[in-house]
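Letters A, B, ... are given to chains in the order of the sequence lines, protein chains preceding strands, and every chain is numbered from 1. All figures in this text were calculated on a predicted structure; none of them were measured in a lab.
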Amino acid sequence: MGTEEILNTIREKLGGIAEDIRYAKSAGIIVRVKPVNLREASHIVHDVLDAYFRTMMAVDERPINNTFAAYYVYGLDNKGINIIIETHADPYTPVLPSIADIVPAADWYELEAWDLLGIRFKDRKLHRFVLPDDWPEGLYPLRRDVDYTARPSPRITYKPPLQGPRLPVGPYHPALHEPEYFELFVEGERVVDVEYNGFHVHRGIEKLAESPRFTYQKVPFLAERICGICGFVHSVAYTLSVENAAKIEVPERAQYIRSIVLEVERLHSHLLWLGVACHLLGYDAGFMHSWRIREKVMVLAELLTGSRKTYGINLVGGVRKDINLDKMAAIRNTLAWLRSEFTKLADLVTSVPQIVRRARGTGILPRDEARKLSVVGPVARASGLNRDVRRDYPYCAYRDISFRVPVYTEGDNLARVMVRVEEIFESMDIIDQLLDKLPGGPIMAEKIEVPEGLIGVGNVEAPRGEDIHVIITGRGRPYRWRVRAPTYQNIPALKVMLRDAPLADAPLTIASIDPCFSCTDRIVVIDLKTGKKEKLQTVSIPGGCGCEI
Amino acid sequence: MWLAISLYIVFLLVFLLIPPLYDGIERKIRAKLHSRIGPPTLLQTWYDILKLFKKELVITDTGLASVLLSGLLMATVIITASTLPLGFSTPITSNGSSLVLFTILLIGCQLLWVSLTLTPGNPYATIGVFREALIGMINEFFLVMGLVALMFYTGSPSFDSMIRARPSLTYLLIFILLAISAFIGSGRIPYDIAEAEPELASGVLIEFSGPLLGITLYSHYLKRAILYGLLADMILLPLTRNVGIVVSAIIYPVVVLAIWIVFAVISIMLGRTRVDIAPRSMLKIYIPLTIAMLIAWLTGV
């Protein structure tokens, strides 16, 4: 089915309630509806057209059209096209209907839009979500009239201590390598319910990118600092969103180099995760050998980017470092060694009886629950959802190569292990193909101009799943930049996965989504007595990464 | 007589000093198998314990009970060690009921360990204690069964009678039973679920620090050495007739070390079990082994 046919279908289904339906190549099919019709439109797109919920961007558009806007991005995976429902709320008392009961995956997005922009959602409970408890009421940091340098005085809050059969996991816990908080309600050794409290180190990166300190070409360096593990993923997703919006022609060679580095990042991330999973199951030999192999991948990353963590080579319009013949030979040598070592390790890990017994049948996420929550990445593929952005919404050089997407139907921790193990082999094959087909030519676009007022979507299949950035272009920098990391989409599934599971498996189950919290953030410490502020740089902790925006 | 007592005291002191050293050796071996360097010296565990003793004592509201019980635990473990033959018959083990005394003290150590770890009241520690008690109940039952079988086999509740034990299938099966219970009882992976660091943040040890943790860790290593020492005695005591007491006494620490390393390597190759799987897996091993032991004993092989 082509774009025109999909457009016709949408006109047929939504024509009665839509104010406008248009197609933008940079983003997808955009359907503008009135708030009163938002629920019906959401139901049609999500349930009738069977589209996945991908992200939602709330925007303060008062300087442009005197409204607050919300863009709900859905994806028809099998068609590779987005359907964006656009709606606008009153500028003085912004209220929208909640769609969380129709689209469960939208729950967090509504809470975030309330927290950061003050958009109220009807018929649902709203509470503090992203902002810290001591953030003052009525101050919404993503509104355009709040300066990015604003540092309001904290309000005094009181949180009663835990009572009853609850077990705190976090913010500091050996199973969590980053500060997040899970409250497990337990009966004996069985988890009966779980509450999540995250965003402990939210950094306001989206707001920062809108500030005068940043330009389009500086934001990639900010974007890669979202995450300590998959920084390149965020950088590429951002640049893709800008390039799509501004129709910038990126040279083919640069697209290949981006794909190669993205796959190197996947190898690194999956090897890291496999080691952590082994450690959580008490198999430290697997942990150490997985990280021994991973070390070579970091050396490879340094060769390609000048940094052990794939930072600093991506720009809007291309890349900053080329790959020469020496580097190609080094990549091939490393891959040959990696293939041999990882084959042995994978055989070993999957033959340890305790690992197989504890991973099989635990942390189950049934397919229908996974679908409802629109989970992404290995979590989705282990629950029978055949989703992979590289194939469904091809970007960079992925449209030129062939690869297999491993899908398991069990939905348990073992399935998630197996998906990642197979993806490591696939990544190695992908890099081989990319090297074989690497075209010549420049690595940077000749002309980079970004007009104002355009919308663009950039998506990348991160090691943890789909990473999607939505942008509205502004003058010299993004007017609004919305980042949605894969963990944001996957964490709500933990409630299903942890419920009624043995307590001993809770750490593995939490780790099985490969949660990506914050680890390399800059925090501001305020001495409440003197009011003195001091900026600190925290140290990156292995085993985790930072995807809190 | 005084010479024998003096020699016994020297060997006992050596035995009391070696467990942290053996742990240091284990850490180096484990590091080698993990392809890493490991601690800078074999004495690292000793340095760790000594450093803990130099730190301040930080305790919870129920810390007084923890302090008292940790002292009692260490004293009991040291007394238990003194009732163990050290490759040769000592003035204490030549007593007619030394094996019974040893068994009672060993069970006492386990009960004190559970009581100590119950004192902090931390939810993680409480879950760890529950796991420890569950594993301990099953394991101690078969450990006592193995020791009682040994008494019946040698015909006396004294360690000295083991010198007269003849190698047989029954003796081998008793040894295997006690070896498995020593492996599990020494808190090794896959049965270290009471601590389970990534799950329970060190579980039973979570509230212990400074000297309290030093005492607890030392007692843990010494108990481990006692369990492996029992196995070493089962090998060496019957051999004293052939190799002599002096040789047996000298190679005793080496045999204990060998058992320590074998168990360490086994645990390195495995992952951690779960509290609901552990009892089933233990019974799957213990019940057929016990039946085989009984059949072998009744048929006289």
Side-chain angles (χ1 to χ4, degrees), chain A residues 162-170 172-177 183-184 186 188-190 275-293 295 341 345 348-362 501-511 543, chain B residues 26-38 61 121-135 184 187-203 205-206 264-282 284-285:
Chain A
L162 289 186
Q163 286 185 338
R166 301 182 189 187
L167 196 68
V169 178
Y172 301 102
H173 187 281
L176 299 174
H177 301 106
E183 210 168 286
L184 305 184
V186 291
E189 283 252 4
R190 192 149 286 278
V276 170
C278 287
H279 172 61
L280 292 174
L281 290 171
Y283 185 54
D284 280 351
F287 170 36
M288 292 295 165
H289 285 285
S290 186
W291 281 37
R292 173 179 61 83
I293 297 171
E295 179 61 27
E341 289 290 312
L345 179 70
L348 194 66
V349 168
T350 51
S351 65
V352 175
Q354 287 80 17
I355 289 192
V356 176
R357 284 189 76 173
R358 289 190 56 185
R360 179 174 286 148
T362 56
L503 176 66
D505 291 328
L508 176 68
T509 302
I510 292 170
Chain B
E26 176 185 335
R27 286 166 74 176
K28 284 301 267 188
I29 292 170
R30 199 189 307 148
K32 185 79 183 162
L33 292 172
H34 285 171
S35 78
R36 54 189 174 87
I37 295 168
D61 294 346
N122 183 297
Y124 285 114
T126 308
I127 291 168
V129 172
F130 166 74
R131 294 178 177 187
E132 180 78 35
L134 185 69
I135 297 281
I184 297 169
R188 287 199 173 280
I189 285 178
Y191 295 101
D192 70 331
I193 56 174
E195 287 175 43
E197 187 255 341
E199 296 167 23
L200 297 181
S202 292
L205 299 175
I206 189 169
V265 172
I266 291 171
S267 67
I268 289 166
M269 293 189 297
L270 299 171
R272 185 175 293 110
T273 187
R274 211 172 54 203
V275 67
D276 56 327
I277 300 173
R280 289 202 300 269
S281 65
M282 286 163 73
K284 272 182 192 170
I285 301 167

Handout entry: Pairs of heavy atoms under 4.5 Å with chain A: top-ranked of B:Asp192, B:Leu270, B:Val275, B:Ile193
Key =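 Of B:Asp192, B:Leu270, B:Val275, B:Ile193, B:Leu270 has the most heavy-atom pairs under 4.5 Å with chain A.
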Completion exercise
Answer key: most heavy-atom pairs under 4.5 Å with chain A among B:Ile268, B:Asp276, B:Ile277, B:Leu33 is B:Ile277
Handout entry: Closest-packed option against chain B by number of heavy-atom pairs under 4.5 Å, given A:Ala506, A:Ala504, A:Ala511, A:Pro507
Key =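 Result: the option with the highest number of such pairs is A:Ala504.
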Handout entry: Option that, when pairs with chain B are counted at under 4.5 Å, heavy atom only, ranks first among A:Asp284, A:Val352, A:Val169
Key = A:Asp284
Handout entry: A:Thr362 side chain near B:Arg274 side chain, heavy-atom distance below 4.5 Å
Key =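 Yes. Closest side-chain heavy atoms under 4.5 Å.
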Fill in the blank from the handout: If one checks every heavy atom of B:Arg131 against chain A at 4.5 Å, the contacting part turns out to be side chain
Practice task
Below 4.5 Å from any heavy atom of chain A, which atoms of B:Pro190 appear? Answer side chain, backbone, both or neither.
Solution key: side chain
Practice task
Calculate, to the nearest 0.5 Å, the distance between atoms CZ and CZ belonging to B:Arg272 and A:Arg358 respectively.
Solution key: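 B:Arg272 CZ to A:Arg358 CZ: 7.0 Å, rounded to 0.5 Å.
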Problem - For the student: nearest non-hydrogen atoms of A:Arg292 and B:Ser35, plus distance - result: CD-OG, 3.2 Å
Practice task
For atom CZ of A:Arg190, decide whether the heavy atoms of other residues, nucleotides or ligands shown that lie under 6.0 angstrom number more than 12.
Solution key: yes
Practice task
Answer with side chain, backbone, both or neither: which region of A:Ile355 has an atom nearer than 4.5 Å to a non-hydrogen atom of chain B?
Solution key: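 Contact with chain B involves no heavy atom of A:Ile355 at all.
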